[in-house]
Amino acid sequence: MAAHTPWQRNRALAIVESYRGQRGTLLPILHDLQHEFGFINDEAVPVLAQALNLSRAEVHGVISFYHDFKRQPQGRTVVKLCRAEACQSVGANRLVAHAERRLGVTMGGTSADGSVTLEGVFCLGNCALGPAVMVDDQLHGRVDTVRFDSIAGDIR
Ligand code: FES
């Protein structure tokens with residue numbers, strides 16, 4: 001995963017400023033902020049509210065609505081496990097329990113050393129080859145516990 005810039009208010013303001021004069025810019029700005037910093041810092045909320053003439057609650061609402069927007073720093077590696085029905089029917093729940101034990105992180109959490117985030121997602125578009133797992137941008141299918149250990153071997 002690419003290294004992210006530590007939160008800087010001035011850098012966030014420059015991103016907001018780059019959209020000046022355009023309409024409907026909240027989502028693209030949020031994407032840019034997440035791309036730059038790796039997550040949406042709480043300090044960005046009042047910055048966006050003021051710049052876009054929105055309430056803080058409106059900005060919060062949009063960030064919370066889209067699960068892709070992260071409120072906390074993510075691990076250097078992000079492991080996504082599909083928890084949707086097709087993958088559940090072929091052992092996703094067992095795999096989740098195994099992944100939590102193997103990585104020492106509970107679902108939705110990030111390890112204390114920042115090496116890995118474990119995230120449950122609903123469908124990775126690989127339903128015929130479940131259980132499906134994505135490690136950073138790499139998709140894996142038919143992941144059983146043995147395969148998971150081999151995929152996770154390099155993490156941490
Ligand atoms: S249900 Fe798991 S990839 Fe679609």
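Indexing begins at 1, ligand by ligand and atom by atom, following the structure's order. Since we're looking at a predicted model, the values are computed, not measured.
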(message) Tell me if the aromatic rings of H4 and F39 count as close, with their centers under 6.0 Å from one another.
(response) no
(message) Taking 2.8 Å as the limit, list every protein N, O or S atom around atom 4 (Fe) of ligand 1, by chain and residue number.
(response) C123 SG, C127 SG
(request) Output yes when a side-chain donor or acceptor of R71 lies under 3.5 Å from a complementary backbone atom of S64, and no otherwise. (result) no
(message) Check this for me: does any side-chain nitrogen of one of E119 and R83 sit under 4.0 Å from a carboxylate oxygen of the other?
(response) no
(request) Decide salt bridge (Lys or Arg N to Asp or Glu O under 4.0 Å) for E36 and R11; before the verdict, give the C-alpha distance in whole Å, the side-chain angles of both, and the deciding distance to 0.1 Å. (result) CA-CA 9 Å; E36 181 80 16; R11 179 69 195 120; 3.1 Å; yes
(request) Step through the shown structure and confirm whether more than 12 heavy atoms of other residues, nucleotides or ligands are within 6.0 Å of CD on Q8. (result) yes
(message) If you apply the rule side chain to side chain donor-acceptor pair (under 3.5 Å), what do you find for D68 with H31, and how did you get there?
(response) CA-CA 9 Å; D68 275 350; H31 279 292; over 6 Å; no
